[in-house]
Amino acid sequence: MPRIRWHILVFLAPAVLVYTAVMIFPLFNTLRLALYDEIGQVRVFVGLANFETLFGDPLWADAFWNALGNNFWFFCVHMLVQNPIGILLAAILSQPRLRFAALYRTAIFVPTILSFVIVGFAWKLILSPIWGIAPGMLDAVGLKSLFAPWLGQDGTALTTLALVSVWQFVGIPMMLIYAALLSIPEEILEAGEIDGITGIAAFWKIKLPLILPSIGIISILTFVGNFNAFDLIYAAQGALAGPDFATDILGTFMYRTFFGFQLQLGDPHMGSAIATAMFGIILLGVCIYLFGIQTRMRRYQL
Amino acid sequence: MNKARRNPLNIAAAHAILLTYTAIALFPVFVILINSFKTRKAIFREPLTLPNEESFSLIGYQTVMQQGDFFLYFQNSMIVTVTSLFFILLFGAMAAFALSEYRFRGNTLMGLYLALGIMIPIRIGTVAILEMMVASGLVNTLWALILVYTASGLPLAVFILSEFMRQVSDDLKNAGRIDGLSEYTIFFRLVVPLVRPAMATVAVFNMIPIWNDLWFPLILASSEATKTLTLGSQVFIGQFVTDWNAVLSALSMAILPVMVLYVIFSRQLIRGITSGAVK
């Protein structure tokens, strides 16, 4: 019989125990709870009935598809606005011998460290028609007619919040792309210069292909982050994700369902069903990335 | 340096874009801070001017001090963040050492198991976590939060730290073994001091999300005695919506500690991200 090396066990045990007990076990327990329901104060196994309610009952299904659709739009805005801006800023910052680069970097990262509560309320105040900072500033450039209470209207509230979230998190793609750009060896760029590829052409033809793997990682981080987002919407619009659920995403939908709000009682089993759906969506996204995108991406050895 | 890459026009354009974006990034923070020191009238009449003798007022901060228990919230946030970081680093480093130092059956499998949590957000398991905390009586205690943040921080910590621990020289550890040091002494005396920079990176990565989290404090510890600063300011602002002085002052007071931490740790954070620790 091989000697048991106790110290390995001692080193591993605390992390594995805490991680298993507080993260993995509840995760699977939540997936299990989605198959149960409470009937007369007793927990009863009901199979897929909760999912039938979630997708079949028009009241639930409408709310779910609304939240999922909103969540997709939230993600699209991030991909279309946050990541291009992040790449642009990183490309500019990575220019050799740019002055004050560290200062810009530090300042642009500031919103990322603020809590959603601060960000949500700060923008709510700034965009508020009562305070008048936003209309006042638009007035100064002669565009006052463009102003509307963006956060209060069905059509614009979600996009506005997505842009606020973009404002907050642009620092992360910027930093990661910046790191990727710095790791491109000088010789490659010089070789390009000799062939007459400089400036913007060098960015499109040499740098961009080399940083594609980083862009892939950022996309999947954005995806996972967006599909369990909650805090910003809750801080700015409350649990009801107003106006008229226009800003409801999966995180707020799950919170309302399992924790209850106002007059509706919380339902942990329906909450678990929604959590299971979120789990499936995130898993699907991660798998598409791992097997569909990451393996097909061309990598260049530097 | 090549001329094409040092075109003065390009440089001017680069600075223009960066300055514009810096202004966009800092503007909301700036507006909140300056207006928190003004009278109510001045907040509405001239929101964009700095407070002067006439418009200066601390009335908002007085309301916050009287009505909200911000010192308690701050203390709770501190306890939760520091304790969670301590456990993440201690347990994470120990597990990372076991995985990177010893060959044993199931090593790779254990590494994969621990890495699972990097991509899956812990929030998915909230329903069962809440039930577990209620059953064990930990709900509305700071321990509930500490446990959750420790568990969710461990996967990335183990991953980053084991990468770094593989680089610690084997000769050093073997020399220690020949001198009769136990495996525990080798870990605490030799390895931990050498990976201190990586531990600092892990700490900084985890610090900000823990400090800023609203979800778990709201669900697991929303009692008055256990509110964190993030939840406390959320609730306070919700109650004082119409008192603009108080709201702006509360926001400023919530911004302050994070900014102080950021100024202290920004170099570490930026170096951590740009050195590819999260690749």
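Just so you know, these numbers use all the heavy atoms, side chains as well, and skip hydrogens, waters and symmetry mates. Here is the naming used below: chain letters follow the sequence lines, and residue numbers restart at 1 for every chain.
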Asks: As an exercise: rank B/Phe87, B/Trp211, B/Phe27 by heavy-atom pairs under 4.5 Å with chain A and give me the winner.
Replies: B/Phe27

Asks: Is the shortest side-chain heavy-atom distance between B/Tyr262 and A/Phe109 below 4.5 Å?
Replies: yes

Asks: Is chain A contacted by the side chain of B/Met132, its backbone, both, or neither, given a heavy-atom distance below 4.5 Å?
Replies: side chain

Asks: Does the side chain of A/Phe258 come within less than 4.5 Å of B/Leu130's, by heavy atoms?
Replies: yes

Asks: Measuring from atom CZ of A/Arg105 to atom CG of B/Leu18, what distance do you get when rounded to the nearest 0.5 angstrom?
Replies: 11.5 Å

Asks: Report which part of B/Val247 has an atom under 4.5 Å of a heavy atom belonging to chain A: side chain, backbone, both, or neither.
Replies: side chain

Asks: Checking heavy atoms, do the side chain of B/Leu90, its backbone, both or neither come under 4.5 Å from chain A?
Replies: neither

Asks: Do A/Phe121 and B/Ser233 have side-chain heavy atoms sitting under 4.5 Å apart?
Replies: no

Asks: Using non-hydrogen atoms only, which part of B/Asn35 is less than 4.5 Å away from chain A: side chain, backbone, both, or neither?
Replies: side chain

Asks: Can the ring centres of A/His7 and B/Phe187 be said to be less than 6.0 Å apart?
Replies: no

Asks: Counting only non-hydrogen atoms closer than 4.5 Å, does B/Met207 touch chain A with its backbone (N, CA, C, O), its side chain (CB onward), both, or neither?
Replies: neither

Asks: Partners of B/Lys38 by salt bridge (Lys or Arg N to Asp or Glu O under 4.0 Å), sequence neighbours excluded?
Replies: none

Asks: Ignoring hydrogens, what is the shortest heavy-atom contact between B/Met94 and A/Pro14? Give both atom names and the distance.
Replies: CE-CG, 3.7 Å

Asks: Give, as side chain, backbone, both or neither, the part of A/Leu33 having an atom under 4.5 angstrom from any heavy atom of chain B.
Replies: side chain

Asks: Check each atom of B/Ile255 against the heavy atoms of chain A and say whether the ones under 4.5 Å are side chain, backbone, both or neither.
Replies: both

Asks: Does any backbone or side-chain atom of B/Ile122 lie under 4.5 Å from a heavy atom of chain A? Answer side chain, backbone, both or neither.
Replies: both

Asks: Return the CD1 to CZ distance between A/Ile133 and B/Phe44, rounded to the nearest 0.5 Å.
Replies: 10.0 Å

Asks: Identify which part of A/Arg99 has an atom lying under 4.5 Å from any heavy atom of chain B, answering side chain, backbone, both or neither.
Replies: both

Asks: So, do B/Gln234 and A/Phe116 sit near enough that their side-chain heavy atoms are less than 4.5 Å apart?
Replies: no

Asks: For A/Val286, is it the side chain, the backbone, both, or neither that has a heavy atom closer than 4.5 Å to a heavy atom of chain B?
Replies: side chain

Asks: Let me confirm one number: the CG-CE distance from A/Leu290 to B/Met119, rounded to the nearest 0.5 Å.
Replies: 6.5 Å

Asks: Donor-acceptor pair, A/Trp167 side chain versus B/Ile24 backbone, under 3.5 Å?
Replies: yes

Asks: Identify which part of B/Trp244 has an atom lying under 4.5 Å from any heavy atom of chain A, answering side chain, backbone, both or neither.
Replies: side chain

Asks: With rounding to the nearest 0.5 Å, note down the distance linking CG in A/Asp231 to CG in B/Asp213.
Replies: 6.0 Å

Asks: Between B/Ile219, B/Leu48, B/Val29, B/Ile208, which shows the greatest number of heavy-atom pairs under 4.5 Å with chain A?
Replies: B/Ile219

Asks: Name the orientation class of the two ring planes belonging to B/Phe97 and A/Phe11 (parallel below 30°, tilted from 30 to 60°, perpendicular beyond 60°).
Replies: perpendicular

Asks: Would you say that A/Val10 contacts B/Tyr184 through its side chain, given a criterion of any heavy-atom pair below 4.5 Å between the two side chains?
Replies: yes

Asks: Show the numbers, then the answer: is there a side chain to side chain contact (heavy atoms under 4.5 Å, CB included) between A/Ile282 and B/Ile124?
Replies: CA-CA 10 Å; A/Ile282 290 174; B/Ile124 302 282; 4.2 Å; yes

Asks: Specify which of B/Leu218, B/Leu154, B/Ile88 makes the most heavy-atom pairs with chain A at under 4.5 Å.
Replies: B/Leu218

Asks: Any non-hydrogen side-chain atom of B/Tyr21 less than 4.5 Å from a side-chain atom of A/Met174?
Replies: no

Asks: May I ask you to name which of B/Ile120, B/Thr150, B/Leu261 has the most heavy-atom pairs under 4.5 Å with chain A?
Replies: B/Ile120

Asks: Go through the structure and list residues passing salt bridge (Lys or Arg N to Asp or Glu O under 4.0 Å) with B/Asp243, not counting sequence neighbours.
Replies: none

Asks: Under a 4.5 Å heavy-atom cut-off, does chain B meet the side chain of A/Phe259, its backbone, both or neither?
Replies: side chain

Asks: With a 4.5 Å cut-off on heavy-atom pairs, point out which of B/Val127, B/Val263, B/Ile237 contacts chain A the most.
Replies: B/Val127

Asks: Quickly, which of B/Ile43, B/Val31, B/Leu248 forms a side chain to side chain contact (heavy atoms under 4.5 Å, CB included) with A/Leu125? Name it, please.
Replies: B/Leu248

Asks: Compare all side-chain heavy atoms of A/Tyr19 with those of B/Tyr113 and state whether any distance is below 4.5 angstrom.
Replies: yes

Asks: Begin from the C-alpha positions of B/Glu131 and A/Arg43 and carry the test salt bridge (charged side-chain N to carboxylate O under 4.0 Å, His left out) through to its verdict.
Replies: CA-CA 13 Å; B/Glu131 276 195 1; A/Arg43 187 165 272 175; 2.5 Å; yes

Asks: Under a 4.5 Å cut-off applied to non-hydrogen side-chain atoms, are B/Asn212 and A/Leu114 in contact?
Replies: no

Asks: If you count heavy-atom pairs within less than 4.5 Å of chain A, which of B/Val158, B/Leu229, B/Leu26, B/Leu99 leads?
Replies: B/Leu26

